[in-house]
Amino acid sequence: MMSDAAAVPKVETGLVYAHGLAALAALFISVAFGILASIQLLAPEVGAGTPWLGWGRIRYAHTQGIMLGWLGNAFFAFLYHAVPILTGRAVTSVRLGRWLFALWNFAVMAPGWILVLTGVSQPLEWAEFPIGVDAFVIIGLVLAGVQFLPPFFSRGLESLYVSSWYIIGGLIFTLLAYPMGNVLPEMVPGAQGAAFSGLWIHDAVGLFVTPMAVAILYFVIPAASGRPIYSHFLSMLGFWLLFLVYPLNGTHHYVYSVIPMEAQITAVAASAILGVTVILVVFNLLMSLRGVGVFPRDAGLKLVAMSTIFYLIVSIQGALQAQMAINQAVHFSDWVIGHSHLAMLGFATFAAAGGLVHAWQRIPWARYNARALTWSYWLLLVGVVVMVASLTAAGIVEAYLWQSNAPWLESVRAARPFWLVRSLSAIPITAGFIALLVGLTTGPRGAGLDAIDPVIRLDSAGEAASLLKPVREPVGEPA
Amino acid sequence: MRAPPGRPLRMAYLAASIAGVAFFAMSVALLGIWPGRVLERQIRAMSPDRPLGLTVSEERGRTIYSREGCAYCHTQQVRYVHADVMRFGAPTLAWETRFDFPHLWGTRRIGPDLARAGSVRSDDWHYAHLFAPRSIVADSVMPSYAWQFDGAPGRPKQGARDLVAYLQSLGRAREIAGPEGEARAHERCDCPNDAMSQMAFASPINASPARTRTGSDVPALPNEVDERRGRILYAKNCSSCHGPDGRGDGPGAESLLTAPSDLSAHEYTTARVADALWNGVAGTAMQAWRDHSLGDLASMARVVQRFHTGQDATVPEDLVALGERVYAAHCVQCHGQDGGGNGSAAAELTIAPTNFRIQRPTLSQSLRAVREGVRGTRMASWTARLTEPEIVAVAAYVRRFFDAEGGR
């Protein structure tokens, strides 16, 4: 074990910190767009007359900001912490890291937001930033590959822990899928382009967000609880099944369309298989939480545990709503908006925040306020539950009215009380994010390390690394 | 300590890695490229020879539609689903989307699908709606695009004109392909005669309940009405244009050409109101309301009929002969021999001339129409051509055609 501790190189805490702050900044900007968009559905005159505050434009800025700005930066912050611990090797270059940071935030996020708000955009879901910005996203992904992948490859494949596999897979497959979803639909018309869009809508979540988030879950649970994961075999089985099945889901966004029925049925079947696979993955994660429970004391671990539960719920929901009988009713309704928030705000954001808190806590000079983080957790949890419940209920009402003979406008009128609840859920959610910011910027410096459970005593990266090995060593139980 | 797994595991991982990339490639091939080729063949077979694309103005409108995120509340894809076909029309065929770079299918419907939005509503309705959505649809949550106008819905800038041009083009290509185009597509689609093909080819292309039509039979409205409900429905759906008291002074009225009728200045037979509600008034912003039940339509019709109150000034009998002469000389071509709005020229008018047998204006309303004309229609001002006594006489004369019990 001592040899492991010695093998862990320095974590570039400055880059963890920088990406962490950028993630939080992007989070607040994106959430502000989301809140404004939700208020505009209740009071459409808010922002009326100002082109760049138009509902569609801020809707574009909201989702791109969440996916690339918040989750992207938070994932990078986590990678800077995790990659050296997982591989025993430093990331490629600190200078490259500064370039990646600058590129991601000042060549992707800032111009991306400005352009969509001024009306230069693509009307493609999860791909709204214009093609010029997409070029920088692709460069950024290549740089991230150069930065984070070599440490893995210089270690034998057989000694890779499951988080490493998710990180490698996520970076490579996002690079493959991104041009397909962002560029191809501009070159192929109508139904043919929609087929590629459908793939990307799922790949953005399945090949970028999910692998990074699951990498965090598999990393933080053992590293913060001091117990190795339940089964390495299941972890690898789940990983390969996810990567094989995820890309085949895309067409379930266009069920009952003119896209050939064989493709639709393939996607619907893959969605069901995916649901089963996620049950397997989550079973492994929940079993790994045994001993600390689903509400552990450690702030990062607590967020990650809830993320695991959200992952299970959202995946089962997704597998069900892809089935044709359900899909034909709830598709196009607020049910789907509830589903996407359960995925991005529930599963992914809890994972990203958990990973960020976990990494941040281990920066010796960073401030840390455990009480604020506990508040953050509960406020976010209440907010997400209220929001998803109201949107799901709205979706059921809308679906019911659309099946009936009621005039279209009845579905809009019926949705408004639910939309009001959804907008009100922004209060705990925003408060939760403010508490997250407070938790990471107040309190004494180095308080994070002090807050680590003395029973677990995993205060050195090397001890964490010893738990993050692909094969459990029988003698490796920490004393 | 266990021995490192070594070579077999390395090989397994290598195989799995290759499989991973292969599965991604397979997903693109199976769900992207292969469907694309099937669709390509379908489009080649089923498309009309030279389908109408978009004009330059419509293309510009499409760009605005794209950048404002219209597709995030309005889909442009009618699915092979009964509820979709019932509301919007026949499912979207691949060839209809062949000019969509990029597609605007959308995955959320806050407002209705717009794949067949073209020619459902009049241009002036769209301008008023884009300028101030709630002035014309009271409960709409759509954003205003007033900045595409020069201060008033009647003064659209180029952006608004382009956008409306684009909206009016939606569904057009299939519409103008006509029955021949449908027959050809059906014949060449090489599809089994199953439920999907039934939906695709046996459904009306545009099923919008708001679309105006002429010459369609109006179902008889029930006699039992719920006036309370009628008033609520009127307030929700009608008062934005016709005003709370039916005076044609709602917030949406200002910019509409023709102006919404002053309902309080007319007596209507039930059949007249039923026709306007069921079919709309072609050529005007008055849409049809076929998405409401017959009972609700009857209740609204009763509310409309109630707006007219009070007694009209009587007209001396000796004016009748003069009125009859003036009418015969100047009005019959459009309004018809017996005031039925069916004169020889009526068929050529976009907006049908008033049928006085089922709709009686008050004398002052009638006088106003003769003196000032009706804006937005072919009814001109007659002050230059008729003397004052002639105007009064003919304005009074047309009121004699009304048959309160007729036209049922």
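Chain identifiers are assigned alphabetically (A, B, ...) following the order of the sequence lines, protein sequences preceding nucleic acid strands; residue numbering begins at 1 within each chain. FYI, side chains are in, hydrogens and waters are out, and symmetry mates aren't considered; it's all heavy atoms of this structure.
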Got a list of side-chain donor-acceptor pairs under 3.5 Å for residues 23-35 of chain B, not counting sequence neighbours?
residue, atom, partner, partner atom, Å
B/Ser27, OG, B/Phe24, O, 2.7

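For a residue to count as touching a neighbouring chain, one of its non-hydrogen atoms must lie under 4.5 Å from one of that chain's; by this rule B/Pro91 does not touch chain A. Only the backbone of A/Leu401 comes within contact range of chain B, judged by heavy atoms closer than 4.5 Å. In this structure, chain B has no heavy atom under 4.5 Å from any part of A/Leu184. Contact of B/Ala146 with chain A is not made at all, since no heavy-atom distance falls under 4.5 Å. The part of B/Phe88 that comes within reach of chain A is its side chain, from C-beta onward, which places non-hydrogen atoms under 4.5 angstrom from that chain. Heavy-atom distances place the backbone of B/Thr92, and not its side chain, under 4.5 Å from chain A. Heavy atoms closer than 4.5 Å to chain B are found in both the backbone and the side chain of A/Ser257. Contact of B/Gln42 with chain A is made through the side chain alone, with heavy-atom distances under 4.5 Å. With a 4.5 angstrom heavy-atom cutoff, B/Arg134 touches chain A only via side-chain atoms. Residue contact with chain B, scored on non-hydrogen atoms closer than 4.5 Å, involves the side chain of A/Trp240 exclusively. If you measure heavy-atom distances from A/Met261 to chain B, the contacts under 4.5 Å come from the side chain alone. Within the 4.5 angstrom heavy-atom criterion, only side-chain atoms of B/Met86, from C-beta onward, approach chain A. Contacts of A/Glu410 with chain B are made by side-chain atoms alone, with heavy-atom separations under 4.5 Å and no backbone atom involved. Both the backbone and the side chain of A/Leu41 come within less than 4.5 Å of a heavy atom of chain B. Contact of A/Val46 with chain B is not made at all, since no heavy-atom distance falls under 4.5 Å. In this structure, chain A has heavy atoms under 4.5 Å from both the backbone and the side chain of B/Ile110. Heavy-atom distances place no part of B/Ser293 under 4.5 Å from chain A, backbone and side chain included.
Note: B/Thr107 leads B/Thr107, B/Val81, B/Val38, B/Val21 in heavy-atom pairs under 4.5 Å with chain A. Interface check for chain A: of the options B/Pro112, B/Gly20, B/Gly69, the most heavy-atom pairs under 4.5 Å are formed by B/Pro112. Of the listed residues (A/Gly54, A/Ala191, A/Gly56), the one with the most heavy-atom contacts under 4.5 Å to chain B is A/Ala191. In terms of non-hydrogen atom pairs under 4.5 Å with chain A, the most contact-rich of B/Tyr80, B/Tyr65, B/Tyr72 is B/Tyr72.
Using a cutoff of 4.0 Å between basic side-chain nitrogens and carboxylate oxygens, A/Glu398 and B/Arg108 are scored as salt-bridged.
Atom CZ of A/Arg413 has more than 12 neighbouring heavy atoms from other residues, nucleotides or ligands inside a 6.0 Å radius. Counting non-hydrogen atoms of neighbouring residues, nucleotides and ligands closer than 6.0 angstrom, the CZ atom of A/Arg416 exceeds 12 such neighbours.
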After noting the C-alpha distance and the side-chain angles of A/Leu242 and A/Tyr166, does the key distance pass the side-chain contact (heavy atoms from CB on, under 4.5 Å) rule?
CA-CA 10 Å; A/Leu242 284 188; A/Tyr166 276 107; 3.4 Å; yes

Would B/His186 and B/Ser197 count as a side-chain contact (heavy atoms from CB on, under 4.5 Å) if you check the C-alpha gap in whole Å, the side-chain angles of each, and the deciding distance to 0.1 Å?
CA-CA 8 Å; B/His186 194 174; B/Ser197 129; 3.7 Å; yes

Pair A/Leu115-A/Phe129, side-chain contact (heavy atoms from CB on, under 4.5 Å): steps then yes or no:
CA-CA 8 Å; A/Leu115 286 170; A/Phe129 281 176; over 6 Å; no

Give the C-alpha distance, both sets of side-chain angles, the deciding distance and a yes or no for salt bridge (charged side-chain N to carboxylate O under 4.0 Å, His left out) between B/Arg87 and B/Asp291.
CA-CA 9 Å; B/Arg87 280 180 195 277; B/Asp291 48 357; over 6 Å; no

B/Glu96 and B/Arg116: CA distance, side-chain angles, deciding distance, side-chain contact (heavy atoms from CB on, under 4.5 Å) verdict:
CA-CA 11 Å; B/Glu96 293 179 82; B/Arg116 309 268 192 270; 2.9 Å; yes

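The shortest distance between side-chain heavy atoms of A/Phe153 and A/Ile168 falls below 4.5 Å. Considering only heavy atoms from C-beta on, B/Arg211 comes within 4.5 Å of B/Arg290 through its side chain.
Aromatic ring orientation, A/Phe239 versus A/Trp165: tilted (interplanar angle from 30° to 60°). Using bins of under 30°, 30° to 60° and over 60° for the plane-to-plane angle, the ring pair A/His253/A/His202 lands in the tilted bin.
Residues of residues 174-183 of chain A that come closer than 4.5 Å to chain B, counting heavy atoms only, are A/Leu176, A/Ala177, A/Met180, ordered by residue number. For residues 328-337 of chain A, a heavy-atom distance under 4.5 Å to chain B picks out A/Gln328, A/His331, A/Phe332, A/Ser333, A/Asp334, A/Ile337, given by residue number. Contact annotation for residues 57-64 of chain A against chain B (heavy-atom separation below 4.5 Å, listed by residue number): A/Arg57, A/Arg59, A/Tyr60.
With A/Phe173 as reference, A/Phe243 is the one residue of A/Phe243, A/Phe208, A/Tyr246 to meet the ring pair (Phe, Tyr, Trp, His ring centres under 6.0 Å) rule. In summary, of the residues considered (B/Leu233, B/Asp296, B/Leu297), a side-chain contact (heavy atoms from CB on, under 4.5 Å) with B/Trp289 occurs for B/Leu297 alone.
Of the possible donor and acceptor atoms, one in the side chain of A/Asn249 sits under 3.5 Å from a partner among the backbone N and O of A/Val245.
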